[in-house]
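Following: one structure in structure tokens, then a few remarks.
Just so it is clear, the values below take in all heavy atoms, side chains as well, and ignore hydrogens, waters and symmetry mates. All chains are named by letter (A, B, ...) in the order of the sequence lines, taking the proteins before the strands, and each is independently numbered beginning at 1.
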Number of protein chains: 2
Amino acid sequence: MAAARRMVVVGGDAAGMSAASQARRLRSPDELEIVAFERGDFTSYSACGIPYWVGGSVNARDDLVARTPEKHRERGIDLRMRTEVTQIDVDGSRVRTRDLTEDGGGEEWTGFDELVVATGAKPLRPPLPGIDAPGVHAVQTLEDGQALLDALGGVEDSRKESRQAVVVGAGYIGVEMAESLTVRGYEVTVLDQAEQPMTTLDPDMGALVHDAMCGMGMEVVTGAAVTAVETDGHGRARAVTAGGTSYPADVVVLGLGVAPETSLAREAGLPVGGSGGLLTDLAMRVRGHENIWAGGDCVEVLDLVSGLTRHVALGTHANKHGQVIGANIGGGYATFPGVVGTAVSKVCDLEIARTGLLEAQAREVGLQFVTVTADSTGRAGYLPGAETMRVKMLAERGTGRLLGTQIVGRTGAGKRVDIAAVALTTGLTVEQMIYLDLGYAPPFSPVWDPVLVAARKAAAAVQEERRR
Amino acid sequence: MAAARRMVVVGGDAAGMSAASQARRLRSPDELEIVAFERGDFTSYSACGIPYWVGGSVNARDDLVARTPEKHRERGIDLRMRTEVTQIDVDGSRVRTRDLTEDGGGEEWTGFDELVVATGAKPLRPPLPGIDAPGVHAVQTLEDGQALLDALGGVEDSRKESRQAVVVGAGYIGVEMAESLTVRGYEVTVLDQAEQPMTTLDPDMGALVHDAMCGMGMEVVTGAAVTAVETDGHGRARAVTAGGTSYPADVVVLGLGVAPETSLAREAGLPVGGSGGLLTDLAMRVRGHENIWAGGDCVEVLDLVSGLTRHVALGTHANKHGQVIGANIGGGYATFPGVVGTAVSKVCDLEIARTGLLEAQAREVGLQFVTVTADSTGRAGYLPGAETMRVKMLAERGTGRLLGTQIVGRTGAGKRVDIAAVALTTGLTVEQMIYLDLGYAPPFSPVWDPVLVAARKAAAAVQEERRR
């Protein structure tokens with residue numbers, strides 16, 4: 001019998017293990033040996049769930065693990081936990097690994113026929129005084145989440161009258177962590193250097209988030225560039241300095257976003273884009289490398305609206321990338337067509353969503369456009385709980401093609417962005433969108449869905465612009 | 001100054017008054033005189049909101065009125081309430097009206113340059129013994145709703161230990177009324193002659209609704225054709241007979257659906273389709289009549305998936321039709337492209353949605369297809385409140401084009417149908433749908449949105465079918 005081909009996976013989270021699982025579905029161990037290396041203690045877990053674990057709505061760490069190492073092994077994947085890949089030898093088609101369980105642990109080489117780079121992302125941690133002090137927490141891995149929970153337990157046991165948390169950065173992770181810490185009874189201050197929280201929205205929409213967060217009792221300080229983390233006599237974080245003001249903190253959480261973790265790949269000479277993310281073709285093959293694949297938070301993906309590649313760290317994409325890579329290695333055929341930049345989040349009962357381009361992003365790629373904002377309600381206005389939802393829409397000048405949609409509102413606001421996401425993917429104009437046959441019944445929507453109200457207004461703006 | 005052209009509107013609800021309002025926006029009273037006739041007491045109201053008014057979540061009848069007669073008049077519409085149009089004289093370009101406020105009230109003729117027929121729909125009321133007895137209620141107009149509420153008040157005042165309601169028909173209105181009556185403390189029995197409730201779904205999906213309604217304490221009797229309404233000594237309804245069984249009823253509600261109200265139009269020789277709904281072109285002009293327009297619940301619309309026209313009575317379409325008609329009469333240009341058959345409803349916390357074709361509908365128009373059903377959750381499985389959602393998908397054999405989607409689940413299930421509605425409108429295949437960039441965060445969706453889980457399964461079924 002011919003020796004099996006060997007697939008080697010670097011990184012045991014969503015993209016890597018989805019690739020391994022999908023390839024295994026298509027190829028037996030006799031046909032394809034699959035070896036996966038993970039430097040941590042967990043596989044296939046939901047990093048996006050960490051805020052809800054910290055906030056207490058997820059009970060146990062293990063609930064965030066979609067598939068354990070044991071389950072992967074049962075399915076015929078040779079999974080090596082706490083094993084770090086320290087080098088990719090492209091020409092030699094092999095990777096060097098180190099066993100983290102023993103001090104100065106053994107290094108060895110493993111050859112591959114197909115390599116999957118799924119090294120994920122790392123939280124941004126600017127080089128500021130005190131940033132690495134105990135009490136400053138990132139929330140990217142389950143280990144990070146555990147460390148934060150342990151720290152919170154310590155603070156809570158001290159029975160201080162008021163417990164203060166400072167969250168640095170008001171992006172998705174920042175606002176979600178602000179919610180979790182508020183739920184746990186902390187006085188939360190969120191610091192962000194930008195004009196408004198949520199720079200994934202235009203500032204006028206971010207301002208709505210700002211107001212809502214203040215209404216929830218959080219302090220949100222914008223235009224506040226953090227310059228240092230102050231420490232106490234034991235070297236432990238006790239405050240954050242931003243814009244010359246000191247914000248006391250029993251705990252500091254970093255929510256500054258993430259960057260692709262590609263040092264290994266760059267050292268091996270694999271191509272990266274402006275964000276540092278690996279560049280792949282549509283089949284998720286690293287550009288120029290026939291048998292090296294990459295997916296998940298370590299790659300750049302094609303943004304179908306701007307035509308550029310960008311870094312988007314989201315579990316939903318990582319899973320799809322893994323699926324595509326596994327299908328291709330397994331002898332099938334699949335491609336990942338790209339993204340339109342959809343994201344949704346919430347802070348307490350405020351839902352926040354966007355898809356497509358922001359104003360600044362659209363200008364950056366040379367698009368001319370009109371913008372409108374429309375206020376409406378998520379259900380018929382005469383029903384209880386019909387709260388205001390604001391939809392902002394960008395449409396291309398002349399053609400009227402939808403370029404972007406941002407939504408801020410309460411129940412039912414967030415997932416409405418999917419309507420715009422599909423419209424963007426298929427190139428609809430705002431004029432075409434007006435007549436979309438969306439689900440209507442009073443508990444679900446006014447007769448004109450909020451997205452259609454915005455589309456009508458955008459269509460009118462496009463027509464007005466044409467007449468000029 | 002030249003005499004103004006005159007636009008005459010028959011019917012003062014959504015389609016008619018939207019047309020009037022839109023035309024008025026574009027044309028001043030000097031240019032266009034607008035006369036609207038309404039035989040009832042209300043304009044521009046939400047018939048779809050009646051179940052929620054009856055159930056008590058809408059406080060007052062007037063809350064369901066989006067725009068009162070006075071408001072329309074303020075905007076320069078000559079609105080004649082309680083005035084019935086009794087004849088349309090197509091050749092003479094005039095309508096005959098009768099004033100319902102006086103006995104044997106005056107009849108007169110009004111000429112038109114443009115006529116809008118917006119006569120709505122009427123509840124189906126099969127010619128059964130007792131069907132017109134007091135105590136048998138339809139819920140199509142605000143007057144119907146008021147009569148039912150008055151009757152319920154009477155029953156509730158009698159302080160019977162248990163109050164029983166029978167709902168005839170388990171479609172949208174039927175299940176919504178079942179909820180409202182349950183909320184009011186009635187023991188509710190729903191009778192339907194079909195195999196399962198919600199014949200707007202395939203029977204296997206209707207069965208989920210059946211089970212859920214039983215779990216809510218409602219009795220749902222299927223395969224039960226109603227043969228009579230039994231009356232008491234005063235001629236008042238006291239029970240409903242179906243399949244040989246008598247179901248006691250303090251109140252009977254008809255939820256058998258509606259038919260286009262087009263007797264007037266048919267007498268005038270205007271063309272109607274198989275459902276009795278008026279046939280129009282894409283500009284909502286009645287076929288063959290340059291200056292007669294029709295919209296709302298009295299027309300058939302093009303179903304973009306089957307290629308046939310069908311009757312779909314929904315306020316959301318009526319508003320769009322009115323908008324299109326008003327734009328065209330006002331000298332602008334607009335068309336209504338058609339529907340894909342989207343509908344959403346709920347019964348207590350169960351959300352029910354569909355778009356596109358059911359299995360039987362697809363077969364009827366000669367389509368061959370695969371079907372799949374996929375169970376998933378509306379949010380990440382590790383969060384509290386992650387309840388099962390079932391998505392059924394039909395995809396065309398060979399091409400893989402999406403043909404229909406049905407969803408039954410709890411919070412967040414219903415409006416997910418919009419994803420499929422836009423995909424249907426734009427002709428996506430289920431293989432293309434797999435990679436849609438939908439909003440993902442744990443409180444909003446698992447990493448694979450339930451619609452994408454179904455799309456993956458459907459794509460696999462299409463591929464399997466191709467290999468045969």
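- Looking only at heavy-atom pairs under 4.5 Å with chain B, the residue among A441(A), P442(A), G412(A) that has the most is P442(A).
- Between Y52(B) and L383(A) the shortest heavy-atom distance is CB-CD2, 3.6 Å.
- Of the listed residues (Q432(A), K320(A), R456(A)), the greatest number of heavy-atom pairs within a distance under 4.5 Å of chain B belongs to K320(A).
- Of the listed residues G414(A), G381(A), S345(A), the one with more heavy-atom pairs under 4.5 angstrom with chain B than any other is S345(A).
- Residues L438(A) and T316(B) form no side-chain contact, since every pair of their non-hydrogen atoms from C-beta on lies 4.5 Å or further apart.
- Neither the backbone nor the side chain of N59(B) comes within contact range of chain A; no heavy atom of the residue lies under 4.5 Å from a heavy atom of that chain.
- Taken to the nearest 0.5 Å, the CG atom of D437(A) stands 6.5 Å off from the CZ atom of F336(B).
- Here the side chains of Q323(A) and I434(B) are not in contact, with every heavy-atom distance at 4.5 Å or above.
- The candidate from T355(B), T426(B), D63(B) with the greatest count of non-hydrogen atom pairs under 4.5 Å with chain A is T426(B).
- Rounding to the nearest 0.5 angstrom, the gap separating the NE2 atom in H321(A) from the OH atom in Y435(B) is 9.5 Å.
- Heavy atoms closer than 4.5 Å to chain A are found nowhere in L424(B), neither backbone nor side chain.
- Between chain B and the residues A423(A), S46(A), G427(A), the most heavy-atom pairs under 4.5 angstrom are made by S46(A).
- For the pair R416(B) and K415(A), the minimum side-chain heavy-atom distance is below 4.5 Å.
- Here P443(A) is the residue among P443(A), P337(A), A343(A), A421(A) with the most heavy-atom pairs under 4.5 Å with chain B.
- Considering only heavy atoms from C-beta on, Y440(A) stays 4.5 Å or farther from H317(B) through its side chain.
- For the pair M433(A)/V422(B), no side-chain contact is recorded, criterion being any heavy-atom separation below 4.5 Å from C-beta on.
- Here G49(B) is the residue among A353(B), G338(B), A380(B), G49(B) with the most heavy-atom pairs under 4.5 Å with chain A.
- No other option in S445(B), P384(B), A420(B) has as many heavy-atom pairs under 4.5 Å with chain A as P384(B).
- For the pairing with L436(A), the side-chain contact (heavy atoms from CB on, under 4.5 Å) check across V340(B), V339(B), T425(B), D418(B) returns one residue only, T425(B).
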